[in-house]
There are 2 protein chains.
Amino acid sequence: MTDINNKPPTDDEIRQAIELLFFAYRDFVADPDKVLADYESPKGSLGRAHHRVIHFVGRNPGMTVAELLSILQITKQSLARVLRQLIDEGFIEQERGPEDARQRLLYLTAKGEAFETALSNPQRVRFRRLFEKAGPEASRSFLTLLFELINEDERDQVLSLIGGKQQTSL
Amino acid sequence: MTDINNKPPTDDEIRQAIELLFFAYRDFVADPDKVLADYESPKGSLGRAHHRVIHFVGRNPGMTVAELLSILQITKQSLARVLRQLIDEGFIEQERGPEDARQRLLYLTAKGEAFETALSNPQRVRFRRLFEKAGPEASRSFLTLLFELINEDERDQVLSLIGGKQQTSL
DNA sequence: TAAACTAAGTCAACATGACTGACATAAATA
DNA sequence: TATTTATGTCAGTCATGTTGACTTAGTTTA
């Protein structure tokens with residue numbers, strides 16, 4: 001709330017923040033990891049990379065491969081293997097771009113939607129409990145700080161991606 | 001601050017939290033990744049795994065291998081390669097446990113300390129700026145929520161590790 | 001229209017950091 | 001003394017990232 005204040009952050013708080021972020025993220029991703037490990041696919045198993053693709057395609061139906069690459073910040077060769085598996089196993093469908101026929105627009109299938117729900121469910125439960133306990137004010141403040149932890153030059157892209165600004169004072 | 005409130009978190013806030021945590025962590029680890037990529041070691045390059053080991057040994061001088069394993073939650077075989085490199089290149093020293101001679105107590109060398117500083121510096125700068133902008137109240141609240149994002153059964157271990165409770169209302 | 005650029009896909013080789021399973025050694029403990 | 005514990009090691013595998021080179025098809029531009 002205050003932009004300038006007389007109490008600068010202590011080295012201890014900063015160090016704790018670094019470590020807490022590590023542990024929080026570790027547990028946060030361990031949830032879907034379990035779901036992924038349980039899923040037995042015909043052509044090889046699925047990992048975090050597949051989860052990320054399913055998540056972002058689910059959130060942005062009809063996105064292009066190039067858009068997905070810029071979000072994930074990996075090479076197209078890395079994405080290719082993951083995407084191929086997801087298409088072959090019926091989680092994701094491709095469609096020719098109506099404007100630009102070179103583009104391949106990505107969509108989740110019904111199977112993909114169901115898997116997305118199963119994957120994100122434990123994460124949603126985790127945050128729901130957290131926010132219920134913390135209350136709306138602390139929750140919104142938490143989102144704001146997470147947002148400001150992101151590189152300044154990437155915030156616009158993230159903002160348009162997650163669709164903030166209206167409901168959430170980001 | 002409020003434990004029970006009439007405004008439950010919206011699905012949108014929860015989804016945003018999931019995505020923001022992903023992006024924030026991505027940028028947060030990209031900083032030391034650059035430092036690691038720049039470092040040219042004689043016997044192979046260093047990665048995130050080395051960073052984590054250096055960080056926790058730096059924070060807990062004299063810790064045992066078993067303690068390190070329980071923090072990192074990886075297998076000893078995974079740790080072995082990383083630890084061997086760090087010892088061979090003079091970042092970490094081992095010492096026989098004075099009580100239990102089977103134990104190998106881990107310490108950073110002067111070289112290890114210097115590297116730890118270089119690695120964590122961009123992360124500290126990132127959080128310092130964030131906390132300066134957000135103010136002490138939002139900063140402490142942020143730490144609390146990060147802490148409560150951690151699995152309940154691991155919070156005690158984390159707390160004793162990061163040394164909260166006195167200064168920080170965790 | 002021909003040339004250049006762009007979106008996407010593919011092949012190959014490689015690095016990192018995880019994993020499992022089996023086994024070895026030395027020290028502590030029952 | 002026998003067993004358990006702390007650590008280390010060998011060998012093989014897998015998931016996920018990388019670079020570099022190249023193809024195909026469609027769009028844009030000179």
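Below, chain A is the first sequence line, B the second, and so on; all start at residue 1. Everything quoted here is computed from the prediction, not taken from an experiment. The figures that follow rest on heavy atoms only: side chains count, while hydrogens, waters and symmetry mates do not.
Regarding contacts with the backbone of C:dT16, every side-chain N or O of B:His50 stays at 4.0 angstrom or more from both OP1 and OP2. Between B:Ser78 and C:dC19 there is a side-chain polar atom (N or O) within less than 4.0 angstrom of OP1 or OP2. Between B:Thr75 and C:dC19, a side-chain N or O to OP1/OP2 separation shorter than 4.0 Å is present. Not one side-chain nitrogen or oxygen of B:Ser45 sits closer than 4.0 Å to the OP1 or OP2 atom of C:dA15.
Atom pair A:Glu95:CD and C:dA7:C1' shows a separation of 16 Å (rounding to whole Å applied). For the pair A:Leu46 CG and C:dA18 C1', the computed distance is 17 Å after rounding to whole Å. If you take CG of B:Leu86 and P of C:dT16, they are 13 Å apart, rounded to a whole angstrom. In this structure, the CG atom of B:Leu79 is 16 Å from the C1' atom of C:dT20, given to the nearest Å. Following rounding to the nearest Å, B:Leu36 (CG) and C:dT16 (P) show an atom-to-atom distance of 11 Å. Distance CG (B:Leu69) to P (D:dT5): 16 Å, rounded to an integer number of Å. Computed from coordinates, the B:Lys34 NZ to D:dT18 C1' distance equals 17 Å when rounded to whole Å. As rounded to whole Å, 13 Å separates atom C1' of D:dT16 from atom CG of A:Asp33.
Across C:dG9, D:dT18, D:dA6, the shortest atom-to-atom separation from the side chain of A:Val65 is found for C:dG9. Candidate nucleotides C:dA18, D:dT16, D:dT9 were compared by shortest atom distance to the side chain of B:Ala80, and D:dT9 ranks first.
Salt bridge absent: B:Asp11 and B:Arg15 never bring a charged side-chain N and a carboxylate O closer than 4.0 Å.
Taking the centre of each ring, A:Phe23 and B:Phe147 stay at or above the 6.0 Å mark. If you look at A:Phe127 and A:Phe28, their ring centroids are closer than 6.0 Å.
Residue-level contact check: B:Arg81 touches the bases, meaning some heavy atom is under 4.0 Å from a base atom. Among the atoms of the strands shown, only primed sugar atoms or phosphate atoms (P, OP1, OP2) are found under 4.0 Å from some heavy atom of B:Gln94.
A donor-acceptor pair under 3.5 Å is formed between the side chain of A:Glu13 and the backbone N or O of A:Thr10. Judged purely by atom type and a 3.5 angstrom limit, B:Arg128 has no side-chain atom pairing as donor or acceptor with the backbone of A:Pro9. The backbone N or O of A:Thr64 sits less than 3.5 Å from a side-chain atom of A:Glu67, completing a donor-acceptor pair.
A search for ring-ring contact (aromatic ring centres under 6.0 Å, His included) contacts involving B:Phe91 returns B:Tyr39, B:Phe115, not counting sequence neighbours.
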Quick tally for nucleotides 21-30 of chain D: nucleotides whose base has a protein heavy atom under 4.0 Å get B, sugar-phosphate-only ones S, the rest -, giving B----BS---
